[in-house]
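Quantities reported herein were computed from a predicted structural model and do not represent experimental measurements. Atoms within each ligand, like the ligands themselves, are counted from 1 in listed order.
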Amino acid sequence: MKARGAKIAALTAYDWAMTRLLDEAGIPVILVGDTVGMVVLGYPDTTHVTMAEMEHHVRAAARAKPNALLGADLPFKSYETPEEAVANSKRLAGAGAEFVKAEGGREILPQIKAILAAGVPVCGHLGMLPQHVLEEGGRYRVKGRDEAGRAGLLEDAAALADAGVFAIVLEIVVPPVAKEITRSVPVPTLGIGSGPDCDGQILVTPDLIGLFPWFTPRFVRPRANCAAEIKAAVTQWKQSIAGV
Ligand code: KIV
(Lines give C-alpha, C1' and ligand atoms only; values in the text may rest on other atoms or scores of the structure.)
Protein backbone atom coordinates (compact mmCIF):
# COMPACT_ATOMS: atom_id res chain seq x y z
CA MET A 1 0.00 0.00 0.00
CA LYS A 2 2.91 2.36 0.74
CA ALA A 3 4.40 1.64 -2.67
CA ARG A 4 1.18 2.51 -4.48
CA GLY A 5 0.36 5.46 -2.23
CA ALA A 6 -2.80 3.90 -0.79
CA LYS A 7 -3.40 5.27 2.71
CA ILE A 8 -3.57 2.59 5.40
CA ALA A 9 -6.47 2.89 7.87
CA ALA A 10 -5.70 1.13 11.15
CA LEU A 11 -7.85 1.01 14.27
CA THR A 12 -7.85 -0.60 17.70
CA ALA A 13 -10.24 -3.30 18.90
CA TYR A 14 -10.34 -5.16 22.17
CA ASP A 15 -13.05 -7.79 21.67
CA TRP A 16 -14.81 -10.08 19.21
CA ALA A 17 -17.69 -7.78 18.24
CA MET A 18 -15.62 -4.66 17.51
CA THR A 19 -13.04 -6.71 15.61
CA ARG A 20 -15.82 -8.13 13.43
CA LEU A 21 -17.35 -4.71 12.84
CA LEU A 22 -14.02 -3.13 11.86
CA ASP A 23 -13.17 -6.10 9.66
CA GLU A 24 -16.55 -5.98 7.94
CA ALA A 25 -15.93 -2.25 7.34
CA GLY A 26 -12.74 -3.16 5.48
CA ILE A 27 -10.15 -1.93 7.98
CA PRO A 28 -6.93 -3.75 6.97
CA VAL A 29 -4.97 -3.48 10.23
CA ILE A 30 -6.51 -4.00 13.66
CA LEU A 31 -4.50 -3.54 16.83
CA VAL A 32 -5.39 -4.87 20.25
CA GLY A 33 -3.69 -1.88 21.82
CA ASP A 34 -2.68 -1.54 25.42
CA THR A 35 -5.07 1.44 25.38
CA VAL A 36 -7.45 -1.35 26.43
CA GLY A 37 -6.22 -0.38 29.89
CA MET A 38 -7.65 3.12 29.61
CA VAL A 39 -10.74 2.78 27.41
CA VAL A 40 -11.97 -0.62 28.65
CA LEU A 41 -10.34 -1.52 31.96
CA GLY A 42 -10.49 1.84 33.74
CA TYR A 43 -6.79 2.36 34.41
CA PRO A 44 -5.42 5.94 34.34
CA ASP A 45 -2.76 5.05 31.75
CA THR A 46 -1.36 2.04 29.90
CA THR A 47 1.36 1.23 32.44
CA HIS A 48 -1.02 -0.96 34.47
CA VAL A 49 -1.87 -3.41 31.70
CA THR A 50 -0.64 -6.97 32.25
CA MET A 51 0.27 -9.76 29.85
CA ALA A 52 -2.69 -11.79 31.12
CA GLU A 53 -5.06 -8.91 30.29
CA MET A 54 -3.54 -8.51 26.82
CA GLU A 55 -3.83 -12.24 26.13
CA HIS A 56 -7.47 -12.24 27.23
CA HIS A 57 -8.38 -9.41 24.83
CA VAL A 58 -6.25 -10.74 21.96
CA ARG A 59 -8.02 -14.11 22.23
CA ALA A 60 -11.41 -12.39 22.07
CA ALA A 61 -10.41 -10.31 19.02
CA ALA A 62 -8.81 -13.29 17.28
CA ARG A 63 -12.01 -15.36 17.63
CA ALA A 64 -13.49 -12.95 15.05
CA LYS A 65 -11.01 -14.44 12.56
CA PRO A 66 -10.61 -11.09 10.77
CA ASN A 67 -9.28 -10.75 7.25
CA ALA A 68 -7.41 -7.78 8.67
CA LEU A 69 -3.92 -8.15 9.99
CA LEU A 70 -4.42 -8.48 13.76
CA GLY A 71 -1.72 -7.24 16.11
CA ALA A 72 -1.18 -6.73 19.80
CA ASP A 73 0.81 -4.44 22.03
CA LEU A 74 3.51 -5.85 24.23
CA PRO A 75 2.48 -4.25 27.53
CA PHE A 76 4.62 -2.16 29.89
CA LYS A 77 7.72 -3.94 31.19
CA SER A 78 6.97 -7.13 29.25
CA TYR A 79 10.02 -6.69 26.96
CA GLU A 80 12.81 -5.59 29.25
CA THR A 81 15.24 -8.22 27.91
CA PRO A 82 15.43 -10.07 24.57
CA GLU A 83 14.44 -13.32 26.32
CA GLU A 84 11.40 -11.75 27.98
CA ALA A 85 10.44 -10.02 24.73
CA VAL A 86 10.51 -13.30 22.82
CA ALA A 87 8.59 -15.24 25.48
CA ASN A 88 5.86 -12.60 25.74
CA SER A 89 5.63 -12.11 21.96
CA LYS A 90 5.11 -15.85 21.63
CA ARG A 91 2.36 -15.68 24.25
CA LEU A 92 0.57 -12.95 22.27
CA ALA A 93 1.08 -14.87 19.03
CA GLY A 94 -0.30 -17.96 20.76
CA ALA A 95 -3.38 -15.92 21.69
CA GLY A 96 -3.89 -15.01 18.03
CA ALA A 97 -1.77 -11.91 17.31
CA GLU A 98 -0.16 -11.88 13.88
CA PHE A 99 2.27 -9.17 14.95
CA VAL A 100 3.36 -7.44 18.12
CA LYS A 101 4.05 -3.76 18.70
CA ALA A 102 6.73 -2.47 21.03
CA GLU A 103 7.38 1.14 22.07
CA GLY A 104 10.87 2.54 21.56
CA GLY A 105 13.77 2.93 19.16
CA ARG A 106 17.46 2.09 19.34
CA GLU A 107 17.22 1.34 23.07
CA ILE A 108 15.03 -1.73 22.40
CA LEU A 109 16.74 -2.95 19.20
CA PRO A 110 18.09 -6.15 20.84
CA GLN A 111 14.55 -7.05 21.90
CA ILE A 112 13.11 -6.26 18.46
CA LYS A 113 15.78 -8.30 16.69
CA ALA A 114 15.19 -11.23 19.05
CA ILE A 115 11.41 -11.17 18.46
CA LEU A 116 11.93 -11.05 14.70
CA ALA A 117 14.47 -13.87 14.88
CA ALA A 118 11.83 -15.91 16.72
CA GLY A 119 9.51 -15.44 13.72
CA VAL A 120 7.04 -12.89 15.11
CA PRO A 121 6.54 -9.77 12.96
CA VAL A 122 7.05 -6.47 14.79
CA CYS A 123 5.53 -3.02 14.39
CA GLY A 124 7.63 -0.22 15.87
CA HIS A 125 6.29 2.75 17.82
CA LEU A 126 8.13 6.10 18.02
CA GLY A 127 7.30 9.61 19.16
CA MET A 128 5.26 9.92 22.31
CA LEU A 129 5.52 6.57 24.06
CA PRO A 130 2.51 6.21 26.35
CA GLN A 131 4.25 3.49 28.39
CA HIS A 132 6.71 6.26 29.43
CA VAL A 133 4.03 8.78 30.37
CA LEU A 134 4.89 8.66 34.06
CA GLU A 135 8.54 9.49 33.31
CA GLU A 136 7.18 12.49 31.36
CA GLY A 137 5.35 13.78 34.42
CA GLY A 138 2.02 12.35 33.29
CA ARG A 139 1.92 14.48 30.12
CA TYR A 140 1.54 13.32 26.52
CA ARG A 141 4.12 15.59 24.91
CA VAL A 142 4.55 16.32 21.20
CA LYS A 143 7.85 14.91 19.86
CA GLY A 144 10.31 16.15 17.24
CA ARG A 145 9.99 19.81 18.11
CA ASP A 146 13.72 20.58 18.23
CA GLU A 147 16.65 19.49 16.05
CA ALA A 148 17.87 16.89 18.54
CA GLY A 149 14.39 15.39 18.75
CA ARG A 150 14.02 15.34 14.97
CA ALA A 151 17.44 13.75 14.44
CA GLY A 152 16.79 11.14 17.15
CA LEU A 153 13.47 10.14 15.62
CA LEU A 154 15.00 9.82 12.14
CA GLU A 155 17.81 7.63 13.53
CA ASP A 156 15.38 5.51 15.51
CA ALA A 157 13.12 5.03 12.48
CA ALA A 158 16.07 4.02 10.29
CA ALA A 159 17.30 1.57 12.93
CA LEU A 160 13.87 -0.02 13.34
CA ALA A 161 13.43 -0.36 9.57
CA ASP A 162 16.92 -1.86 9.21
CA ALA A 163 16.13 -4.33 11.98
CA GLY A 164 13.10 -5.51 10.00
CA VAL A 165 9.95 -4.02 11.54
CA PHE A 166 7.15 -4.04 8.97
CA ALA A 167 5.63 -0.69 10.02
CA ILE A 168 6.19 2.13 12.49
CA VAL A 169 3.55 3.98 14.50
CA LEU A 170 4.40 7.69 14.91
CA GLU A 171 2.54 9.12 17.88
CA ILE A 172 2.12 12.91 18.21
CA VAL A 173 5.23 13.72 16.20
CA VAL A 174 5.30 17.22 14.68
CA PRO A 175 3.84 16.79 11.17
CA PRO A 176 6.89 17.97 9.14
CA VAL A 177 9.11 15.47 10.97
CA ALA A 178 6.53 12.69 10.58
CA LYS A 179 6.53 13.47 6.85
CA GLU A 180 10.33 13.37 6.72
CA ILE A 181 10.43 10.02 8.53
CA THR A 182 7.74 8.65 6.23
CA ARG A 183 9.80 9.60 3.18
CA SER A 184 13.03 8.25 4.68
CA VAL A 185 11.98 4.70 5.60
CA PRO A 186 10.97 1.86 3.27
CA VAL A 187 8.26 0.60 5.63
CA PRO A 188 4.86 2.23 6.17
CA THR A 189 4.36 4.78 8.93
CA LEU A 190 1.04 4.90 10.78
CA GLY A 191 0.48 8.31 12.29
CA ILE A 192 -1.59 9.18 15.32
CA GLY A 193 -1.77 12.91 15.89
CA SER A 194 1.22 13.32 13.55
CA GLY A 195 -0.36 15.06 10.57
CA PRO A 196 -1.65 13.85 7.20
CA ASP A 197 1.62 12.86 5.54
CA CYS A 198 2.15 9.43 7.11
CA ASP A 199 1.47 6.32 5.01
CA GLY A 200 -1.58 5.62 7.13
CA GLN A 201 -3.41 6.65 10.24
CA ILE A 202 -4.19 4.73 13.39
CA LEU A 203 -6.72 5.72 16.02
CA VAL A 204 -8.17 4.36 19.22
CA THR A 205 -11.63 3.29 18.03
CA PRO A 206 -13.58 4.54 21.08
CA ASP A 207 -12.09 8.02 20.41
CA LEU A 208 -13.17 7.86 16.77
CA ILE A 209 -16.74 6.79 17.50
CA GLY A 210 -17.34 8.87 20.62
CA LEU A 211 -17.52 5.88 22.93
CA PHE A 212 -15.18 7.34 25.56
CA PRO A 213 -16.65 10.81 26.16
CA TRP A 214 -14.62 11.56 29.28
CA PHE A 215 -11.49 12.32 27.27
CA THR A 216 -10.91 12.87 23.55
CA PRO A 217 -7.39 13.64 22.29
CA ARG A 218 -7.32 17.04 20.61
CA PHE A 219 -6.24 15.57 17.26
CA VAL A 220 -9.29 13.29 16.97
CA ARG A 221 -12.49 14.37 15.27
CA PRO A 222 -15.11 11.85 16.46
CA ARG A 223 -17.27 10.58 13.58
CA ALA A 224 -20.09 9.34 15.83
CA ASN A 225 -21.43 9.94 19.32
CA CYS A 226 -21.92 6.40 20.52
CA ALA A 227 -21.91 7.38 24.19
CA ALA A 228 -24.87 9.71 23.67
CA GLU A 229 -26.67 7.06 21.55
CA ILE A 230 -26.21 4.45 24.26
CA LYS A 231 -27.51 6.78 26.95
CA ALA A 232 -30.49 7.76 24.80
CA ALA A 233 -31.33 4.12 24.00
CA VAL A 234 -31.18 2.92 27.59
CA THR A 235 -33.13 5.93 28.85
CA GLN A 236 -35.80 5.31 26.20
CA TRP A 237 -35.99 1.62 27.12
CA LYS A 238 -36.10 2.38 30.87
CA GLN A 239 -39.00 4.75 30.26
CA SER A 240 -40.74 2.19 28.07
CA ILE A 241 -40.74 -0.51 30.75
CA ALA A 242 -42.00 2.00 33.30
CA GLY A 243 -44.98 2.53 31.01
CA VAL A 244 -44.22 6.25 30.63
O1 KIV B 1 -2.33 1.13 22.42
C2 KIV B 1 -2.77 1.65 21.40
O3 KIV B 1 -3.98 1.70 21.18
C4 KIV B 1 -1.83 2.22 20.46
C5 KIV B 1 -2.37 3.05 19.35
C6 KIV B 1 -2.81 4.35 19.88
C7 KIV B 1 -1.40 3.23 18.27
O8 KIV B 1 -0.66 2.04 20.60
Side-chain angles (χ1 to χ4, degrees), residues 7-15 18-19 22 27-51 53-58 60-61 66 68-79 88-89 92 95 97-105 108 112 121-134 136 139-143 153 156-157 160 165-173 178 181-182 187-195 198-209 211-212 215-222:
K7 292 282 184 184
I8 302 164
L11 285 170
T12 64
Y14 315 104
D15 61 20
M18 187 59 79
T19 303
L22 299 183
I27 295 298
V29 183
I30 299 176
L31 174 73
V32 183
D34 59 357
T35 43
V36 67
M38 297 166 81
V39 297
V40 175
L41 301 176
Y43 295 136
D45 55 60
T46 60
T47 66
H48 304 266
V49 178
T50 65
M51 269 301 297
E53 287 166 341
M54 286 304 302
E55 281 177 295
H56 176 78
H57 287 275
V58 172
L69 192 62
L70 182 70
D73 268 327
L74 279 161
F76 185 55
K77 293 217 178 288
S78 70
Y79 49 106
N88 285 323
S89 296
L92 293 176
E98 294 166 307
F99 70 89
V100 297
K101 179 165 75 60
E103 295 184 6
I108 61 161
I112 288 185
V122 179
C123 177
H125 187 147
L126 297 174
M128 174 60 211
L129 306 179
Q131 292 176 6
H132 292 261
V133 67
L134 299 179
E136 303 235 5
R139 302 225 4 236
Y140 293 85
R141 294 173 200 273
V142 178
K143 299 294 171 181
L153 284 169
D156 280 335
L160 290 180
V165 304
F166 75 93
I168 302 173
V169 167
L170 298 178
E171 182 155 355
I172 49 175
V173 171
I181 295 170
T182 300
V187 296
T189 59
L190 298 172
I192 172 161
S194 299
C198 298
D199 296 305
Q201 299 289 329
I202 183 162
L203 283 180
V204 172
T205 299
D207 294 339
L208 178 67
I209 64 173
L211 191 55
F212 194 80
F215 173 74
T216 307
R218 57 171 174 69
F219 53 82
V220 179
R221 180 156 69 88

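Val169 has its side chain out of reach of Leu126: every pair of non-hydrogen atoms, C-beta onward, lies at least 4.5 Å apart. Between Phe99 and Leu31, some side-chain heavy-atom pair lies under the 4.5 Å cut-off. Within the 4.5 Å cutoff, side-chain heavy atoms of Phe166 are placed close to those of Leu69.
Scanning for ring-ring contact (aromatic ring centres under 6.0 Å, His included) contacts around Tyr140 gives an empty result, with sequence neighbours left out.
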Could you check Val36 against Glu53 for side-chain contact (heavy atoms from CB on, under 4.5 Å), going step by step and ending with a plain yes or no?
-> CA-CA 9 Å; Val36 67; Glu53 287 166 341; 5.8 Å; no
What are the atom names and distances for all N or O pairs under 3.5 Å between ligand 1 and the protein?
residue	atom	partner	partner atom	Å
ligand 1	1 (O)	Asp34	N	3.1
ligand 1	1 (O)	Asp34	OD1	2.9
ligand 1	1 (O)	Thr35	N	3.2
ligand 1	1 (O)	Thr35	OG1	3.4
ligand 1	1 (O)	Asp73	OD2	2.8
ligand 1	3 (O)	Thr35	OG1	2.5
ligand 1	8 (O)	Lys101	NZ	2.7

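With respect to Arg141 and Glu171, no salt bridge is recorded, no charged nitrogen being found less than 4.0 Å from a carboxylate O.
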